Amino acid sequence: MPELPEVEVVRAGLAPAVTGARVLAVEVMDPRALKRHTPLGEQPGLGGHGRTLSAETGRSRASDFERRLTGQTLQAPLRRGKFMWIPLADPPGSAPVSPGAAASLAPGTAPTAGTALLAHLGMSGQLLLRATDAADDRHVRIRTWIEHPEHGELRLDFADQRLFGSLALDALTPTAPLGAIPQQAAHIARDPLDEHFDDGAFVAAIRSRGVGAKKLLLDQRLVSGVGNIYADETLWRARVHPEAPGSSLTQRRAASLLHHMREVFAQALAEGGTSFDEQYVNVNGQAGYFAHSLNAYGRGGEACPRCGGPIKRVPFGGRSSHFCPRCQRRPSAPNT
DNA sequence: TTTCGGTCCTGAAAGC
DNA sequence: TGCTTTCAGGACCGAA
C-alpha cells in the first residue's frame, strides 16, 4: 500500500531511467487507470474520479492521453506526499523545480508552467521499468515505451490490481517560492520531509480540531503522505491514542507526533518501504522490508513490543486501526 | 466549515 | 466443490 516512503522509493528508482528519456509510444490497455485524466477541452470531473467511466469516456481519455504523451521528453520525477509527477519537456521561461520548492496554491490557479505526467499509486499501483521484450506483469493497465540517451529503449508499465491509482496528464501550476505542482495535487499540504514544511502551522492546526488524532494524520490537507500504516505506527511511537482529539494534545505531544512521523518515514525509506502481498514493489519489482519493523499495524492480538500488552485492532471508517491500549491511553477529559 | 459515509475495484480468504 | 460474503485501502464527492 504505497504511502510516502514507497512513492519516494519509486520516484528515486525511476529518476535515472526516465530523466531525459523520450516517449516512443503509449498504449492504454485499461482506461479505468485514467480516472484522473481530463482530455483537452473537457471539463474536469466529467465522469470523474470515483465514478464508473462510460465506454465512450474511456476511449476519449485513452486516445487523448496516448496522443499527447507520445513524442514528449520526460524530466526528473518529483513528489509531494503520495503524488508523483514527471514534468514534460521544458516549457519556455519556466524555472527548474525541486520537490522542496513545491508549495500549495489554490485549485484553479491558471496553468503557466507546462504539463506533467501525474501518477497516484492508490492501493496497489506499480510503476515498473522493464526491458522492451520482458514478459508481461499482471494487471498492466498502461504501457509506455521510452528511449533514454544512455539506457536505450525501455518499457515503463503502470500496473494496478485494484484500480485505485491512476495516471494523468495535468497542468503544472506555479508555486512559491519556486517551482510548480500539478493542479490535482495543489490542494494538499506539504509532506513532513519537505524542507518548507511548516511545523508550527501543523501543530496549531491539529490542536485546533476536535476530531481524533488518526483522522488528522490522514487528512492530506494538514500533512501529506500518511496512510493507514504510517498513521498507526506514528501514533504508537508517540504513545497517542488514535481517537485522542487533536484539541486534547499539548503543544509538546502534537510536536512529538511530527517527530515520530519523520522517524518512521526515515526508517521505512531506509528499508525500502512496506510490502504486503506484493501490493507494493519498487520499479524493479522488488519488495521492501519495513513490514518486518512494524510495531502496531497488522499486529492485532500480538504482544506490544514496548509493554507486552495485546495490540488491539478496531474498525476505523471502513478500515482498521491498530494500537496498544496500555501504551496509548485515551484522554479521560477534554484539555482545558 | 467540518464531519461522515458512500463509491470506485480486485482477489484472497473465510464461511456456508 | 462451488458459490457468496468479507476485507483491505486513498481520494473524492455529496449530504448533514
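Bear in mind that the values here come from a model prediction, so they are computed numbers and not experimental data. Naming convention: chains lettered A, B, ... in sequence-line order (proteins, then strands); numbering from 1 in each chain.
If you check B:dT2, B:dG11, B:dC9 against the side chain of A:Leu163, the one that comes closest is B:dC9. The nucleotide whose nearest atom lies closest to any side-chain atom of A:Phe83 is, among B:dT3, B:dG11, C:dC12, C:dC12. In this structure, the nucleotide among B:dG11, C:dA11, B:dC8 sitting nearest to the side chain of A:Lys35 is B:dC8. Closest to the A:Glu3 side chain, of the nucleotides B:dT3, B:dG11, C:dG10, is C:dG10. Distances from the side chain of A:Lys215 to the nucleotides B:dG11, B:dC4, B:dT2 place B:dC4 closest. Nearest nucleotide to the A:Phe164 side chain, out of B:dA12, B:dC9, B:dC4: B:dC9. Nearest to the side-chain atoms of A:Val211 among the listed nucleotides B:dC4, B:dA12, C:dA11 stands B:dC4. For A:Arg32, the side-chain atoms get nearest to B:dC9 when compared with the rest of C:dG10, B:dC9, C:dC12.
At a threshold of 4.0 Å, the pair A:Arg32-A:Asp160 does not count as salt-bridged, since none of the basic side-chain nitrogens sits closer than that to a carboxylate oxygen. Salt bridge status for A:Asp64 with A:Arg61: absent, with no side-chain N to carboxylate O gap under 4.0 Å.
At least one side-chain nitrogen or oxygen of A:His120 sits closer than 4.0 Å to the OP1 or OP2 atom of C:dA11. An OP1 or OP2 oxygen of B:dT3 is reached within less than 4.0 angstrom by a side-chain nitrogen or oxygen of A:Arg209. Between A:His187 and C:dA11, a side-chain N or O to OP1/OP2 separation shorter than 4.0 Å is absent. Residue A:Arg36 places at least one side-chain N or O under 4.0 Å from the OP1 or OP2 atom of C:dC12. Of the side-chain N and O atoms in A:Gln220, one or more sit less than 4.0 angstrom from OP1 or OP2 of C:dA11.
Here the C1' atom of nucleotide B:dT3 and the CD atom of A:Glu243 are 15 Å apart, to the nearest Å. Whole-Å rounding puts the A:Leu222 CG to B:dT1 P distance at 15 Å. Atom CD1 in A:Ile188 sits about 11 Å away from atom C1' in C:dA11, given to the nearest Å. The interatomic distance linking A:Asp160 (CG) with C:dG10 (C1') rounds to 11 Å, in whole Å. B:dG11 atom C1' lies 17 Å from atom CG of A:Asp137, rounded to whole Å. Distance A:Gln126 CD to B:dG11 P: 13 Å, rounded to the nearest Å. Computed from coordinates, the A:Arg221 CZ to C:dG10 C1' distance equals 14 Å when rounded to whole Å. In this structure, CG of A:Asn228 is placed 12 Å from P of C:dA11, rounded to the nearest angstrom.
Using a distance-only test at 3.5 Å, with no hydrogens or angles considered, a donor-acceptor pair links the side chain of A:Glu3 to the main chain of A:Ile229.
Base pairing annotation: C:dC12 forms a Watson-Crick or G-U wobble pair with B:dG6, both donor-acceptor distances under 3.5 Å.
For A:Arg162 against B:dG11, a side-chain-to-base donor-acceptor contact under 3.5 Å is absent.
For the residue pair A:Glu271 and A:Gln267, a side-chain donor N or O sits within less than 3.5 Å of a side-chain acceptor on the partner. Side-chain contact annotation: A:Ser224 with A:Lys82, donor-acceptor N/O pair under 3.5 Å absent.
Of all heavy-atom pairs between A:Gly13 and A:Pro16, the closest is O-CD, 3.4 Å.
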